[in-house]
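A quick write-up on the structure given underneath.
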Amino acid sequence: MVAEVIGCGPGEIVFTGCGTESDNAAIVGAVRRRQRTNGATAALAICSAAEHHAVLHAVEHCDGVVIETDRYASIDLDALAATLGKHGQNVAVVAAMAVNNEVGSITPVAQVAALVRRLAPQAIVHSDAVQAPSWLDLRMISSHVDTLALSAHKFGGPKGTGVLMVRDGVVLEPLLYGGGQERDRRSGTHNVAGIVGLATALMLCDAERDSENHRLGGLRDRLVDRLMSALPDVIETVPGEHKVAGSAHLCIADIENEALLYLLDEAGICASAASACASGAMEPSHVLAAMGVERRWALGALRLTLGRTTTEKEIDEAAGEIIAIVGRLRGHTARQEHVR
Ligand code: PLP
């Protein structure tokens, strides 16, 4: 079931504890494998600056190369080509996330993979597809890559279960040694209940994807249009055609998103400023920094995510609340400026 939705054989599935573990198993596992077979100098990991920390920190831990992104948080293909051209044979793994967890942009994974196959044919292509299952057909991503990471709680499954797809013939050094489960690729007793939940959620998500993309894309556009027509000085960080249907990300000038999030929370609206996994930060997120979003805009970042339980009524209510709260906050800032 899981293999069918991902687009691989059952033997190419490794169950893990979470998306972070899957990403680390692919990146660190590929680097260690290459170090073992080719020597320490010949094992470079590469990713973009907008990857989730599960990838970015793993690449940095391995002393890898972090590539700049374009303005939509997608890896810069020219910069990638230059790095691959320079390091060629020494590249062990290149990671390209399918969907950015913060701004929702879609990476052209097929193009990244094609570049790697041409310029560093021995390298493994990994895709962190943790944010993809609700929006993209995983078969279209998996067909281009050697390893692919998923996390059940991102598509309605239980927390504490992940998947790493490992194509036949790809050998990674395991992170865990022990009982040799998953054909020595991931030792440790399986979380059977979690895996059953993961499989059920993945199947449902695959079946509902097309209709939900249509429905939620419409609701997302309705939300963004309402906010942008009612509020001056707001930008849509990544235009709708470059990203997944359930992601709305705006930058609102002249407000501090901490105050905005506090008031939204009081109004019963769950939103995020930076990535949910790195919330609480007053600095612009590493993703917005990589995209080159100016501080004035980045400090007013607002991320709203729609999902299968989101209704039109909720969208209209949320838009009304956000417009009122931003108006209040801007009025307050203007009064403070006046007093000074
Ligand atoms: N990769 C991406 C793109 C994510 O969004 C997340 C979590 O938000 C992870 C990896 C980490 O997954 P997990 O929370 O299952 O460790």
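Order of appearance sets the numbers: ligands from 1, and atoms from 1 within every ligand.
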For ligand 1, which atoms sit closer than 4.0 Å to a heavy atom of [X]?
| X | value |
| --- | --- |
| Gln131 | 3 (C), 4 (C), 5 (O) |
| Asn101 | 3 (C), 5 (O) |
| Ser151 | 13 (P), 15 (O) |
| His153 | 13 (P), 14 (O), 15 (O) |
| Asp23 | 1 (N), 10 (C) |
| Thr20 | 11 (C), 12 (O), 13 (P), 16 (O) |

Strictly by salt bridge (charged side-chain N to carboxylate O under 4.0 Å, His left out), give each pair with a member in residues 206-217 just once, sequence neighbours left out. Arg139-Asp206, Asp206-Arg209, Glu208-Arg308, Glu212-Arg215
Can you tell me if Ser105 and Ser74 form a side-chain donor-acceptor pair at under 3.5 Å? no
Pairing of Arg296 and Asp254 as salt bridge, 4.0 angstrom limit: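 So Arg296 pairs with Asp254 through a salt bridge.
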Does the distance from a Lys or Arg side-chain N to an Asp or Glu carboxylate O, for Asp225 and Arg220, drop under 4.0 Å? no
Does at least one non-hydrogen atom of Lys154 fall below 4.0 angstrom from an atom of ligand 1? yes
Compute the shortest N/O to N/O distance between Gly19 and ligand 1 and return yes if it is under 3.5 Å, no if not. yes
For His61, which residues count as a ring-ring contact (aromatic ring centres under 6.0 Å, His included) partner, sequence neighbours excluded?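 None.
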Between CG of Leu202 and CD of Glu4, what distance do you get to the nearest 0.5 Å? 9.5 Å
